[in-house]
> 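Next up is a structure, given as structure tokens.
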Amino acid sequence: MPIRPRRNRKNAFIRDLVAETDLSASRLILPVFVHESHDNVPIPSLPGCTMWSIPGLVEEVGRLLELGITSIDLFPCVPEDRKTPNAEEAFNPDGIIPRTIIALKEIYPELIVHADVALDPYNSEGHDGIVQHYSDGTFEILNDPTVEVLCQQALCFAEAGADVLSPSDMMDGRIAAIRSALDAERMENVSLMSYTAKYASAMYGPFRGALESAPGLGDKKTYQMDPRNLREAIREATLDEAEGADILMVKPATMYLDVVYAMRQCTTLPIAAYHVSGEYLMLKAAAASGWIDEQSAVLETLTSIRRAGADMILTYYAAQAAQWLQENC
Ligand code: PBG
């Protein structure tokens, strides 16, 4: 007689009983965009996403919490005239991010507020670090001077009440530097979710469109990782762990599930995967064609990211997925 694996797929209850992976709203982090205006406006490059005013976002969080989304990650759209070569706006205590954190925490102290740490939304050159130009026309993204600014930015967001800081810049040594800057100011309870393996990916286009933050000159390949490399991701993970990161992240997610899987084998830290703007847009566009079912494609995608070994997923689909999961149970 044949061995019959199909017995374990006989009906929905049995399938649930033997399921190896689960997906729930508590595993999802919603990236959100805020700007200085009083209007909440749709983001053309990210259909279904909104550029929020501060009060608009506070109101939206009430809805998110009802859906079981307890974690959000803040990204700012900074007016062009506030962007400078040294990105001073990044650590302005009256800047959009600190004010958003304060407004959110006043009403929802239990909400987990993540804030992205990097200079690109504030830097007139659209790079994650400070750009040094040379007379022969070449330029360099300076590592150590950037790390100093990142520490100031981290302190500014932590003072406003951020729970988790997420350095997305890929400068060397920034986790150790930010950790010791926080600890020196008695902010040892603020967590660091490091963008550990952030690849120089074509998938960030719609995000840069939303923030108008595309680099003016060159690309990000001298700091973001080369998509050809896996061992290097493990090297970065080892460093971030030693430097004191609380959570390691892989980004993008679906094209890099091998990286998530490999990282899962080599660390005991929680792993996050960022399902980025291009991955979101590909699903939206495919669903709009009418030839794939959006709900099943999205839930299958997010489940696959969990199956590869990610404990949590940053996704623009977080609220929508949470709603589908609620309706399905
Ligand atoms: C920048 C940053 C980027 C994203 C998150 N933080 C873009 C980039 O590195 O150029 C991308 C997120 C997305 O595409 O959804 N520090």
Side-chain angles (χ1 to χ4, degrees), residues 4-33 40 42-43 46-50 52 56-73 108 110-114 164 193 203 206 247 249-257 260-261 264 270-329:
R4 298 185 185 274
R6 285 184 56 194
R7 273 197 292 268
N8 285 348
R9 304 177 203 140
K10 195 162 54 186
N11 60 42
F13 285 170
I14 290 196
R15 289 194 295 274
D16 284 347
L17 196 62
V18 302
E20 299 171 39
T21 306
D22 58 18
L23 180 67
S24 66
S26 61
R27 301 288 186 172
L28 304 177
I29 302 168
L30 179 68
V32 289
F33 300 98
N40 305 308
I43 300 176
L46 285 169
C49 294
T50 303
W52 297 104
L57 180 60
V58 173
E59 199 183 323
E60 172 71 357
V61 163
R63 188 181 80 92
L64 296 175
L65 286 170
E66 271 171 27
L67 289 169
I69 300 293
T70 54
S71 229
I72 64 170
D73 195 356
Y108 299 110
E110 75 286 8
L111 178 74
I112 305 174
V113 178
H114 301 240
V164 184
M193 177 169 75
M203 294 293 126
I247 301 170
M249 192 203 294
V250 175
K251 175 184 176 184
T254 47
M255 293 164 173
Y256 295 86
L257 293 184
V260 173
Y261 185 80
R264 179 69 289 155
I271 294 177
Y274 198 144
H275 184 246
V276 302
S277 58
E279 299 175 279
Y280 171 85
L281 189 64
M282 289 198 297
L283 281 167
K284 273 279 169 210
S289 79
W291 289 100
I292 67 159
D293 177 64
E294 188 176 23
Q295 176 175 158
S296 9
V298 169
L299 296 179
E300 181 180 338
T301 300
L302 299 178
T303 301
S304 302
I305 299 169
R306 290 270 298 122
R307 192 191 60 235
D311 299 287
M312 65 199 89
I313 307 169
L314 293 101
T315 173
Y316 304 98
Y317 270 117
Q320 175 68 81
Q323 195 178 339
W324 284 327
L325 291 169
Q326 227 173 45
E327 288 163 7
N328 293 349
C329 64

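Remember, predicted model here, so these are calculated numbers, not experimental data.
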> Testing the basics here: between I271 and V260, what is the closest heavy-atom pair and its distance to 0.1 Å?
CD1-O, 4.2 Å
> With rounding to the nearest 0.5 angstrom, report the CG to CG distance, L23 to L28.
5.5 Å
> Report, as yes or no, whether the 6.0 Å neighbourhood of atom OH on Y108 holds more than 12 heavy atoms from other residues, nucleotides or ligands.
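Yes - once you tally the heavy atoms of other residues, nucleotides and ligands closer than 6.0 Å, there are more than 12.
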> Does atom CE of M282 have more than 12 heavy-atom neighbours from other groups under 6.0 Å away?
yes
> At what distance, to the nearest 0.5 angstrom, does OG1 of T21 lie from CG of L302?
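Between T21 OG1 and L302 CG, I get 12.5 Å after rounding to 0.5 Å.
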> Is there a donor-acceptor contact under 3.5 Å from the side chain of E279 to the main chain of T254?
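Confirmed, E279 side chain pairs with T254 backbone.
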> Could you give the distance from CG (L111) to OG1 (T70), rounded to the nearest 0.5 Å?
7.5 Å
> Distance-only, no hydrogens or angles: does the S26 side chain make a donor-acceptor pair with backbone N or O of I69 under 3.5 Å?
no
> For residues 317-329, please give each side-chain donor-acceptor pair under 3.5 Å, one per line with the distance, not counting sequence neighbours.
from, atom 1, to, atom 2, distance (Å)
Y317, OH, E294, OE2, 2.7
Q323, NE2, E327, OE2, 3.3
Q326, NE2, E66, O, 3.2
N328, ND2, Q295, OE1, 3.1
N328, ND2, W324, O, 3.3

> For R27, check salt bridge (Lys or Arg N to Asp or Glu O under 4.0 Å) against everything at least two apart and list the hits.
none
> Hey, is the main chain of W52 close enough, under 3.5 Å, to the side chain of N40 for a donor-acceptor pair?
no
> Before you tell me yes or no, could you show the steps for L314 and M193 under side-chain contact (heavy atoms from CB on, under 4.5 Å), namely the whole-Å CA-CA distance, both residues' side-chain angles and the distance that decides it to 0.1 Å?
CA-CA 12 Å; L314 293 101; M193 177 169 75; 4.2 Å; yes
> Does the plane of the ring in F33 sit parallel, tilted or perpendicular to the ring in Y316? Use 30° and 60° as the thresholds.
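Because their plane-to-plane angle is under 30°, the rings of F33 and Y316 count as parallel.
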> Just by distance, with hydrogens left out, do S71 and H114 show a side-chain donor and acceptor under 3.5 Å apart?
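Present: a donor and an acceptor within the cut-off.
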> Looking at G309 and R264, what are the two nearest heavy atoms and their distance?
O-CD, 3.5 Å
> What pair of heavy atoms forms the shortest contact from Y280 to P47, and how long is it?
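Taking Y280 first and P47 second, the nearest heavy atoms are OH-O, 2.6 Å.
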